[in-house]
Asker: 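Sharing a structure with you now.
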Amino acid sequence: MYHRKWWHDKIMYQIYPKSFCDTNGDGIGDLRGIISKLDYLKDLGADVLWLSPIYKSPLADEGYDISDYYAIDPRFGTMADMDELIAEAKKRDMFVLMDLVANHCSDEHAWFRKACEDPDGPYGQYFYIRGAGADGGRPTNWRSYFGGPAWDLLPGHTDQYYLHVFHKKQPDLNWENPKVREEIFANVNWWLDKGLGGFRIDAIMNIKKPAELHDYEPNRTDGLSPLTHMLEEAGDIGPFLTELKEETFAKHDAFTVGEVCGPDPVSLQAYIGEDGYFSSIFDFEENTFGRTPNGYYDWQRCTPEDYKQCVFRAQARAGSIGFLSNIIENHDEPRGVNRYLPDGERTETAKKALACAYFLLRGIPFIYQGQEIGMENKVFRSASEIRDVGALGEYETAKRAGCSEEEALRAISAYSRDNTRTPMQWSDAPHAGFTTGTPWIEENENYREINAEKALKDPDSLLYFYRKLAALRKAPAFKDTLVYGRMTPYLPEEKNLLAYVRESVGKDELPDLTCPTPRLLVAVNMQKEAREIPLPGKAARVLLSNLPVSDGAADGRARLKGWQAAVWEFE
Ligand code: NOJ
């Protein structure tokens with residue numbers, strides 16, 4: 001049985017502020033830029049805007065390294081701009097989410113500075129600071145997520161190290177210390193009091209570390225071990241997450257979406273069940289497909305059939321336990337249209353098909369900036385074009401593993417996080433209309449063909465297709481089915497057919513139902529060859545499709561052209 005929550009039927013949109021819209025010509029996107037695009041986002045159907053970090057930061061990891069949790073970085077604007085953004089969003093019935101980055105702060109945060117000055121004082125306890133390991137070197141052999149050791153010498157010291165599971169400018173906070181938790185909770189409440197709708201919660205599974213920090217089996221020639229081992233040994237994270245929720249989010253009825261990778265169904269209940277730690281967690285099943293511990297250069301392509309299998313796996317795991325957040329891309333991933341659509345088949349029609357496939361799944365749909373106009377990966381021709389610390393680490397890893405310059409750059413072009421961080425393509429004006437200055441990261445050269453201005457002029461564009469998807473999900477007649485109805489794979493053995501039924505819901509599931517809800521079929525032909533399939537019932541009508549399609553009422557069969565996607569309503 002479901003109890004309606006305000007966020008269940010919302011459509012989310014992720015903004016990467018640095019690359020969204022620059023209004024002062026410094027080449028960096030800003031809050032005023034976001035405010036200026038609120039109507040564009042509202043028209044798209046977005047209800048909730050998740051902003052990647054805009055707090056004061058040296059931007060070593062583009063804002064995921066916070067030096068003051070109570071301040072807006074001047075490059076993004078002022079606190080008055082932020083207040084205005086929240087207020088302007090509210091006027092349009094929209095909500096703003098911030099990014100809660102609490103596994104680590106910046107090495108330029110006052111806490112870390114004080115810890116360096118006096119590691120034995122109170123701020124030393126805010127971090128993981130340890131003496132040398134048994135061999136006189138680093139305390140453990142852990143490899144950071146961005147490559148290289150996860151420990152570095154504490155600035156100003158020759159015998160003490162601090163832990164950073166990400167970049168060396170992101171020291172890990174010690175959640176075992178109640179003072180740290182208190183500081184974080186106070187800050188979260190301070191922001192929620194300003195009227196935020198909630199938070200996306202960064203890297204949260206890393207906050208729990210094992211009681212004893214020790215070496216694990218190395219898995220590469222660098223002699224370092226991946227962090228997966230320490231996470232497996234870390235123990236129960238539940239008490240931290242419960243306390244976080246109770247002390248903050250629960251008091252404000254906030255929406256939260258955790259960056260949490262694949263918990264099993266039992267723990268899923270704890271994460272996103274009715275009383276879960278979070279409202280939702282992302283489904284990363286598709287975008288982690290084909291990854292190997294070796295790094296980008298070794299990753300495997302995800303075929304349409306692989307994609308389908310991932311989707312079905314994730315949906316089956318979540319069942320009706322709770323609501324996964326569904327994405328095809330985010331600021332840490334390449335563009336979904338490049339990852340999931342085969343080369344040579346990346347047409348506007350295929351992009352619409354992919355949109356339809358993921359958007360109507362059970363869960364909360366997220367659109368990442370530029371996805372709605374079909375933005376694509378950039379081709380990186382030289383290492384000097386790489387901006388992301390993670391991608392730079394991957395470039396080094398590929399070279400060390402024996403890749404040629406060309407192979408290393410091919411891996412970066414395929415998987416780099418920079419792919420989704422190139423400037424939003426607003427128009428065919430210089431720098432895609434993102435800035436009048438020089439953008440901090442070069443735009444994708446295809447902006448003259450792919451841009452919002454052009455899409456807005458073409459009623460048949462992907463942008464309008466996203467609007468239709470959003471409108472369908474919100475339509476009073478279909479909303480309850482699309483939000484609460486079960487998802488059942490349809491003809492799952494048919495290769496490259498991603499089809500599912502969204503079942504109607506009854507009063508036992510939604511007690512406040514007033515009228516019957518329809519049963520829907522979403523069918524996406526994920527190949528260039530046409531196909532014919534039987535329909536699972538008497539088709540009432542086609543609600544949406546990316547190419548003309550007959551309703552199949554005459555013979556109960558659907559004829560799908562290559563990369564055709566359609567939604568049927570059944571009696
Ligand atoms: C996950 C964020 O999405 C990513 O961008 C960041 O680099 C790491 N966490 C560290 O905060």
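For ligands, and for the atoms within them, numbers begin at 1 and follow the listed sequence.
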Asker: Consider only side-chain N and O atoms of Gln14 and Ser52, and report whether a donor and an acceptor are under 3.5 Å apart.
Answerer: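 A pair is found: one side chain offers a donor N or O, the other an acceptor, under 3.5 Å apart.
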Asker: Should you measure from each heavy atom of Arg417, which atoms of ligand 1 turn up under 4.0 Å away?
Answerer: 4 (C), 5 (O), 6 (C), 7 (O)
Asker: Report the member of Asn206, Ile201, Val389, Asp332 with the shortest heavy-atom distance to atom 5 (O) of ligand 1.
Answerer: Asp332
Asker: Among all protein heavy atoms, pick out the one at the shortest distance from atom 7 (O) of ligand 1; state its residue, atom name and that distance to 0.1 Å.
Answerer: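 Of every protein heavy atom, Asp61 OD2, 2.5 Å lies nearest to atom 7 (O) of ligand 1.
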Asker: Sequence neighbours left out, what pairs pass ring-ring contact (aromatic ring centres under 6.0 Å, His included) with at least one residue falling in residues 363-395?
Answerer: Phe282-Phe366
Asker: Donor-acceptor pairs are to be reported for all side-chain atoms of residues 97-104 against protein atoms at under 3.5 Å, with residues two or more places apart or in another chain.
Answerer:
from   : atom 1 : to     : atom 2 : distance (Å)
Asp99  : OD1    : Arg200 : NH1    : 2.9
Asp99  : OD2    : Trp50  : NE1    : 3.0
Asp99  : OD2    : Tyr64  : OH     : 2.6
Asp99  : OD2    : Arg200 : NH1    : 3.4
Asn103 : OD1    : Lys209 : NZ     : 3.3
Asn103 : ND2    : Asp172 : OD2    : 3.2
His104 : NE2    : Tyr64  : O      : 3.2

Asker: Tell me whether Lys10 contacts the main-chain N or O of Trp6 through its side chain, where contact means a donor paired with an acceptor under 3.5 Å.
Answerer: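 Pair found, side chain donor or acceptor close to backbone of Trp6.
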Asker: Would the distance check show the side chain of Arg335 and the main-chain N or O of Ile328 forming a donor-acceptor pair, the cut-off being under 3.5 Å?
Answerer: no
Asker: Is it the case that over 12 heavy atoms from other parts of the model lie below 6.0 angstrom from the NZ atom of Lys169?
Answerer: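 Result for NZ/Lys169: enclosed.
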Asker: Which of the numbered atoms in ligand 1 are under 4.0 angstrom from any heavy atom belonging to Phe146?
Answerer: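 So the atoms of ligand 1 that pass are 7 (O).
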Asker: With heavy-atom distances below 4.0 Å as the criterion, list the atoms of ligand 1 near His331.
Answerer: 2 (C), 3 (O), 4 (C), 5 (O)
Asker: For ligand 1, which atoms have a heavy atom of Glu259 less than 4.0 angstrom away?
Answerer: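 With Glu259 as reference, the close atoms of ligand 1 come out as 1 (C), 3 (O), 9 (N).
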Asker: Backbone N or O of Asn174 within a donor-acceptor pair of the Asn177 side chain at under 3.5 Å?
Answerer: no
Asker: Only heavy atoms of His104, strictly under 4.0 Å: list the atoms of ligand 1 that pass.
Answerer: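 Answer for ligand 1: 10 (C), 11 (O).
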Asker: Return yes when Arg200 approaches ligand 1 closer than 4.0 angstrom through a heavy atom, no otherwise.
Answerer: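 The answer is yes, since Arg200 has a heavy atom less than 4.0 Å from ligand 1.
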Asker: Provide the number and element of each atom of ligand 1 under 4.0 Å from a heavy atom of Arg421.
Answerer: 5 (O)
Asker: State plainly whether the residues Arg317 and Glu285 are in salt-bridge range, i.e. N to O under 4.0 Å.
Answerer: yes
Asker: What protein heavy atom is closest to atom 8 (C) of ligand 1, reported as residue, atom name and distance in Å?
Answerer: Phe166 CE2, 3.6 Å
Asker: Considering heavy atoms of the protein only, find what lies nearest to atom 11 (O) of ligand 1 and give residue, atom and distance to 0.1 Å.
Answerer: Asp202 OD2, 2.7 Å
